[in-house]
There are 2 protein chains.
Amino acid sequence: MGRKLNLEDIAKLAGVSRSTVSRVINGHPNVSPETRRRVLDVIARENFQPNPAARTLVTSRTQVLGIITPQAATSIFTDPYFPTLIQGVTRVANQHDYAVMLWLANTGEDADPLYRRILGSRLMDGVVVASVVDGDPLIPQLIERDFNFVVVGRPTFDNLNYVDVDNRRAARIAVEHLIRLGRRRIGTITGRLDMVAGQDRLNGYKDALLASGLPVEPELIAEGDFSEASGYVGMKALLERGVDGVFAANDVMAISAMRAIREHGLSIPGDIALVGFDDLPMASAVTPALTTVRQPISRLGEMATEALIRLIEGQLSTPYQAILPTQLVIRDSCGAVTRTGR
Amino acid sequence: MGRKLNLEDIAKLAGVSRSTVSRVINGHPNVSPETRRRVLDVIARENFQPNPAARTLVTSRTQVLGIITPQAATSIFTDPYFPTLIQGVTRVANQHDYAVMLWLANTGEDADPLYRRILGSRLMDGVVVASVVDGDPLIPQLIERDFNFVVVGRPTFDNLNYVDVDNRRAARIAVEHLIRLGRRRIGTITGRLDMVAGQDRLNGYKDALLASGLPVEPELIAEGDFSEASGYVGMKALLERGVDGVFAANDVMAISAMRAIREHGLSIPGDIALVGFDDLPMASAVTPALTTVRQPISRLGEMATEALIRLIEGQLSTPYQAILPTQLVIRDSCGAVTRTGR
DNA sequence: GTGAAAGCGCTAACAA
DNA sequence: TTGTTAGCGCTTTCAC
């Protein structure tokens, strides 16, 4: 691998000075069209790319974004939530000429030193933060260092930049759907209640019952944690107590709940109607019977990243807070009827 | 956010020179224990982290690894392959004080300019490359620039550094399992045949048949592409031709194949025995009946990264080629019997 | 419109 | 063992 060219070399080849080349590269005005063309030619011919380290050293901008996500999220959300989100982030980032660094942190108090290292490193211009749990020291840490960041999923703190889907309304609509089907003993298997998404979905469930004049019975609320196992256990508990409809706070739990229902000798849309959340794509393949809430996850990643970039470039009026609508997807045995979430 | 400290500041606070601080940070010998302690104290107290850009500028090492994966991979492998791999990569990278950059590239010929940009950028010391398809210009590009890289999944090129599972042997064992169950008309739904994994799994299927004296019948080979849709279509075709056993090259296809079988009015372990590949964790929840090949995907990411780091640091004897064993996981309605893959 | 020169924060050769 | 100094490759005043 021959030595890399630098600005000086390009300047020499184009018969101009280093600064002129720099101006051309950075699109500054005050370069004669003729010179600009000559320089661009050389750059293209030599396939020149300026050294990002040198550039960062002087501008203290890295053109790198981070995405920080608790390691747990990749196992909790066995569904493709994580890759989908990342896809949205990288797409937008790359479009705007940003690279993306990925940090999978183990959540919890002991994560603090790791966060210090990450945030103190001047490696990134800002970060997208996903799936924070209550009490995670990341957000306070970010605020303290006034780091640029946008959260995916509404945080407990106020006045932060975030994007989220309307979990509460989505859950409400899901449960109202069950009510409209004539179900009256509707249970729920909750997500992690130390995550806002889990709380919101539970509240939406309650909203729907209250609005319809149905009682909110604690025994019909099985606390889960978004995991497969908890869906199964939660459903077993609800079966004990008798239900004719269930709202599961995500599809992973919905699917293991289905297994529990079948093992109990009951049929799915008949004896117990089930609505899931997350739209794990696999679910549709396996379980055409499952009604589910579809989230625009990729869009979430894109919007977070767009906001972050504007924040970095000083053109975002904060706090930026976007709430995206969801869809309730109802399937019959063959096709799928899609209803907007409102 | 107050101005960041630099080496000079630390030096002043510790009453030494810039170079001594540098020596301490980089663990050079020839620093008196006393001085070292004093400097370390100041560094700890001030929470100092050296500026990576400046460091990179002079050492031309970034302490950043990349992971490049065709965008398609995140949709083809709807299963958690991708997040699991990434998890392995980031864990090892962070352990060794490397950051990780993520690039999701659209594969195909038009990806070439993107690759040039990525690889020409001096942003990374090396990359882990995942799921390359035949004809993708990435590998030639990497070789041309003699970039440090390790491939996950055996590449078509020879003499490269790679880690892979033993796809061929795993497929063979899967099919031998079907044969042992007494099946004689065993079909397969293949993966993408422009990916080595797809080819290997098909070859393993043939190996098993040949070794058992069964004929390899082209009509029992349905070409798929790892996608849900192709599993369904492929299975329909095989049903036309009559089979009593099927090896699907991944679980996504296996699951849609199950749907096709059921719609055809046949029972799964009874009429048609099915073996899948990839061990999509969801599969076990949905389909206790499905036998599947489990791959150590996270381990794959870890080993690739360990090798890459050794390569970067000049202590890897190349070519480094690691083939990991798989497991055939056979489930009965309750528990799971696990057999090693050989 | 263009060039000369200073300096970003670090490492590494060389002197002491 | 420690300090001095010369760059690494770029951006950015400041002259012209």
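Every chain is numbered from 1, with letters handed out A, B, ... down the list of sequences.
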Rounded to whole Å, please give me the gap between [atom1] in [X] and [atom2] in [N].
X: Arg61(B); N: dA12(C); atom1: CZ; atom2: P; result: 11 Å
X: Asn51(B); N: dG9(C); atom1: CG; atom2: P; result: 7 Å
X: Gln49(A); N: dG9(D); atom1: CD; atom2: C1'; result: 15 Å
X: Arg122(B); N: dC8(D); atom1: CZ; atom2: C1'; result: 11 Å
X: Glu8(A); N: dC8(D); atom1: CD; atom2: P; result: 10 Å
X: Gln63(B); N: dC10(C); atom1: CD; atom2: P; result: 15 Å
X: Arg37(B); N: dT2(D); atom1: CZ; atom2: P; result: 13 Å
X: Leu5(A); N: dC10(D); atom1: CG; atom2: C1'; result: 15 Å

Looking at Ile67(A), Ile297(A), Thr69(A), which one forms a side chain to side chain contact (heavy atoms under 4.5 Å, CB included) with Phe82(A)?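 The passing option is Thr69(A).
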Which is it for Asp9(A) and Asn6(A) under the side chain to side chain contact (heavy atoms under 4.5 Å, CB included) test, yes or no, and what are the steps along the way? CA-CA 5 Å; Asp9(A) 300 325; Asn6(A) 61 23; 3.1 Å; yes
Is the distance from OP1 or OP2 of [N] to the nearest side-chain N or O of [X] less than 4.0 Å?
X: Thr20(A); N: dG3(C); result: yes
X: Asn6(A); N: dG9(D); result: yes
X: Ser32(A); N: dT2(C); result: yes
X: Thr56(A); N: dC10(D); result: no

Test Gln141(B) against Arg145(B) for side chain to side chain donor-acceptor pair (under 3.5 Å), laying out the working first. CA-CA 6 Å; Gln141(B) 189 70 223; Arg145(B) 301 180 177 253; 3.0 Å; yes
Within the 4.5 Å heavy-atom criterion, are Leu160(A) and Ile143(A) side-chain neighbours or not?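 Heavy-atom side-chain distance check passes, below 4.5 Å.
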Asn30(A) side chain: which of dG3(D), dT2(C), dC10(C) is closest?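 It is dT2(C).
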To 10°, what angle do the rotation axes through the five end pairs on each side of the helix from dG1(C)-dC16(D) to dA16(C)-dT1(D) form?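 The angle, to the nearest 10 degrees, is 40°.
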Who are the salt bridge (charged side-chain N to carboxylate O under 4.0 Å, His left out) partners of Glu306(B), not counting sequence neighbours?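 Salt bridge (charged side-chain N to carboxylate O under 4.0 Å, His left out) list for Glu306(B), sorted by chain: empty.
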Given Leu65(A) and His96(A), is the side chain to side chain contact (heavy atoms under 4.5 Å, CB included) satisfied, shown in steps? CA-CA 11 Å; Leu65(A) 303 185; His96(A) 294 254; over 6 Å; no
Using side chain to side chain contact (heavy atoms under 4.5 Å, CB included), reason through Phe48(B) and Leu7(B) one step at a time and then give a plain yes or no. CA-CA 9 Å; Phe48(B) 174 73; Leu7(B) 272 196; 3.9 Å; yes
Contact string for nucleotides 11-16 of chain D, one letter per nucleotide 5' to 3', B = base within protein heavy-atom range under 4.0 Å, S = sugar-phosphate only, - = neither, reads BBB---
May I ask you to decide if Gly120(A)'s main-chain N or O and Lys4(B)'s side chain share a donor-acceptor pair within less than 3.5 Å?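 Pair found, side chain donor or acceptor close to backbone of Gly120(A).
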Does Ala14(A) offer a backbone N or O that forms a donor-acceptor pair with the side chain of Arg38(A) under 3.5 Å? yes
Heavy atoms only, 4.0 Å cut-off, all strands: where does Ser60(B) land among base, sugar-phosphate and nothing?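 Since no nucleic acid heavy atom lies under 4.0 Å of Ser60(B), the category is nothing.
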Test side chain to side chain contact (heavy atoms under 4.5 Å, CB included) applied to Tyr98(B) and Ile309(B), step by step: CA-CA 9 Å; Tyr98(B) 280 82; Ile309(B) 290 174; 3.9 Å; yes
For Leu57(B) and for Pro29(B), find the nucleotide of DNA chain D with the closest heavy atom, then tell me which residue's nucleotide is more 5'.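 Its nucleotide being nearer the 5' end, the pick is Pro29(B).
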